[in-house]
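Here the structure is laid out as structure tokens; the discussion comes afterwards.
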Amino acid sequence: MKQCLLALSISAAVLTSAAYAGEPLASENAQGSLASTPDKTLVQLIEAALSNDSARRQYYAEAQAMRETGKASATLMDPKLKFGVTGLPTDSFAFDEDPMTNITVGLMQQFNRGDTSDLNDRKASQQAGALEVKVAARELEVANAITQIWLELGYQQVANQVLLENRTLMSELENFIQTNYSIGKSEAQDLINAQLQVTKLDEKIQANEQMQQRLAAQLSEWLGSDWLLNKGSLKATNQLNWDSLRDIENAASSRNYYSLLNQNPTVQMLDASIDARRTQVDIARESYAPQFGVEVMYAYRQSNNMRGEPASDLVSAYITMDIPLFTGNKQDKDLAAAQYQVGAAQSQKDTLLSQMNAKVNALLIDKNNLAQRLERFESTLLPQADSRVKATERGYQNNTAQFNDVILATRDELALKLEYQRLITDLNLVNNNLSALLNSYSYQVDKPEISITSEQQ
């Protein structure tokens, strides 16, 4: 009986070790290369998600709408047509009785102040640029979210593999104890304990499969419900290639990532906002310039003049101009407000850069600590756990250890290997967040296509 139990224990250790054979070392993870080849499936999922993302189309459509609005604002106001009658006698309401009576037709045109039209066009173009950059920010957000789900799903699949192998071994052990119990060679408590262990593993396996299904369902937010129904078997991984991120990190110096963070779409959105607000300052300065208008009128008369001759028609022309003399409560305040807006936007950018730089440094600290912990697992913990299993096996064979000691040592080794995989996953998650901040993803996607129907036109 002892020899059979010992064989089961040894096979458990061998199968568990085989489950992790061929994995890259965690030291490679610490250097940023988490897999020998990039995972094409994840890149394809990200590109498909971005192609189907309605938020990208929304931001792109809003950008085009802003550009069209800028062109409209840079156009002069429509001329006004003036039509009426002047000098009409109230006793007869006749058009040919009084020479002062005339039918008037006029045309009026108002012009914008200074270069306001061109500045409005520039401002709208800058605002549209900010919305187009928002499309890139959305792409980073989607890529980060999908990569995070992918890594978590990969970890759950690795854990599921270990749990299934452990359950197979425990089920074999349960059958073995059941056979020996039926012939009186095993205790009832050993059989109950084995059955309990199998039931616990079944619960863990079901919880693991539930988590895998939830993670896959979260991907349908970008890939659609049809993809969820037809996805088939999705083989994820908790390790990715981060060579691009490593190159970007090496380009920075002394934990100052401001120059790299300036390329982040979120920061570029603020840059475009600052430019638009500076243009608003120029528009406010143009409010000190006078505004001109032109008015031309033609008056038709049907009556005769005082000499009995047909009265001549009349033509009138006017030039209007408002003169901003009292600027203290209007133009001055508008200009000061626009300048304050520029300062507020610049302070917002400085705050955001400080926050993002702090996040990068915090993530780098996490990355360094995770790499050290992984190195400890590889150099100390995992070898010690393996030595403990072998030592308890020899002790059981020499009748100096109990079989429960062998099972406990094997189970601890399994727990350490699962924790090792969790650390690898956490390290990849840190790299994923760094990639979102430093913009180091390698996906490629076309610009959103917006179609305008005849009804919309």
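Of the inter-residue distances, the one linking L382 atom CG with F377 atom CZ reads 6.5 Å to the nearest 0.5 angstrom. The distance from atom CG of L163 to atom CD1 of I205, rounded to the nearest 0.5 Å, is 5.5 Å. In this structure, CD in Q348 is found 4.5 Å from CG in L270, a value given to the nearest 0.5 Å. Taking CD of E47 as the start and CD of E139 as the end, the distance is 10.5 Å to the nearest 0.5 Å. We find the CD1-OG1 distance between I46 and T147 to be 3.5 Å, quoted to the nearest 0.5 Å. I149 contributes atom CD1, which lies 10.5 Å from atom CZ of R214 (distance to the nearest 0.5 angstrom).
Every residue was checked against the salt bridge (Lys or Arg N to Asp or Glu O under 4.0 Å) condition with E62, not counting sequence neighbours, and none meets it. Under the salt bridge (Lys or Arg N to Asp or Glu O under 4.0 Å) criterion, D322 pairs with R113, sequence neighbours left out.
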Intermediate values then yes/no, side-chain contact (heavy atoms from CB on, under 4.5 Å), W222 and L50: CA-CA 7 Å; W222 304 280; L50 293 177; over 6 Å; no
Worked verdict on Y420 versus L374 for side-chain contact (heavy atoms from CB on, under 4.5 Å): CA-CA 7 Å; Y420 174 72; L374 285 168; 3.7 Å; yes
Residues V281, R285; criterion side-chain contact (heavy atoms from CB on, under 4.5 Å); working and verdict: CA-CA 6 Å; V281 172; R285 287 196 176 100; 3.3 Å; yes
Evaluation steps, side-chain contact (heavy atoms from CB on, under 4.5 Å), between I424 and Y155: CA-CA 9 Å; I424 292 178; Y155 168 74; over 6 Å; no
Residue pair N208, Q212: steps toward the side-chain hydrogen bond (donor to acceptor under 3.5 Å, both in side chains) verdict: CA-CA 6 Å; N208 178 278; Q212 290 189 49; 2.7 Å; yes
Audit row: R278, D282, salt bridge (charged side-chain N to carboxylate O under 4.0 Å, His left out) steps and yes/no: CA-CA 7 Å; R278 286 174 177 166; D282 296 335; over 6 Å; no
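With a 4.5 Å cut-off on side-chain heavy atoms, R411 and L408 count as touching. Contact check for L364 versus V360: side-chain heavy atoms found under the 4.5 Å cut-off. Under the 4.5 Å side-chain criterion, counting only non-hydrogen atoms from C-beta, E413 is not in contact with L416. Within the 4.5 Å cutoff, no side-chain heavy atoms of L353 are placed close to those of N357. The shortest distance between side-chain heavy atoms of T41 and W150 falls below 4.5 Å. In this structure, the side chains of N431 and L240 stay at 4.5 Å or more apart for every pair of heavy atoms.
Checked by atom type and distance alone, the side chain of T425 pairs as donor or acceptor with a backbone atom of Q421 at under 3.5 Å. Remark: the backbone N or O of A236 is paired with a side-chain donor or acceptor of Q157 at under 3.5 angstrom. Between the side chain of N439 and the main chain of N264, no donor-acceptor pair closer than 3.5 Å is present. Looking only at distances, no side-chain donor or acceptor of D121 sits under 3.5 Å from a matching main-chain atom of S117. Using modelled atom types, one side-chain atom of N120 and one backbone atom of T116 make a donor-acceptor pair closer than 3.5 Å. Although no hydrogens or angles enter the test, the distance criterion places a donor-acceptor pair under 3.5 Å between the side chain of S347 and the main chain of G343. Side chain of R67 to main chain of A128: no donor-acceptor pair is present (N/O by atom type, distance under 3.5 Å, no hydrogens or angles). The closest donor-acceptor contact from the side chain of Q109 to the backbone of M77 lies under 3.5 Å. Put simply, the side chain of N262 gets close to the backbone of Y258: a donor and an acceptor are under 3.5 Å apart. No donor-acceptor distance shorter than 3.5 angstrom exists from the side chain of E286 to the backbone of N112, with no hydrogens or angles considered.
With R277 as reference, Q341 is the one residue of Q346, Q127, Q339, Q341 to meet the side-chain hydrogen bond (donor to acceptor under 3.5 Å, both in side chains) rule. Q126 pairs with exactly one of D275, D271, T279 by the side-chain hydrogen bond (donor to acceptor under 3.5 Å, both in side chains) rule, that one being T279. In summary, of the residues considered (L438, N432, L429, L437), a side-chain contact (heavy atoms from CB on, under 4.5 Å) with L363 occurs for L437 alone.
In Y340, the OH atom is not crowded: 12 or fewer heavy atoms of neighbouring residues, nucleotides or ligands sit closer than 6.0 Å.
Comment: E152 engages R422 in a salt bridge, judged by a side-chain N to carboxylate O separation of less than 4.0 angstrom.
The closest side-chain donor-acceptor pair between Q156 and E209, if any, does not fall under 3.5 angstrom.
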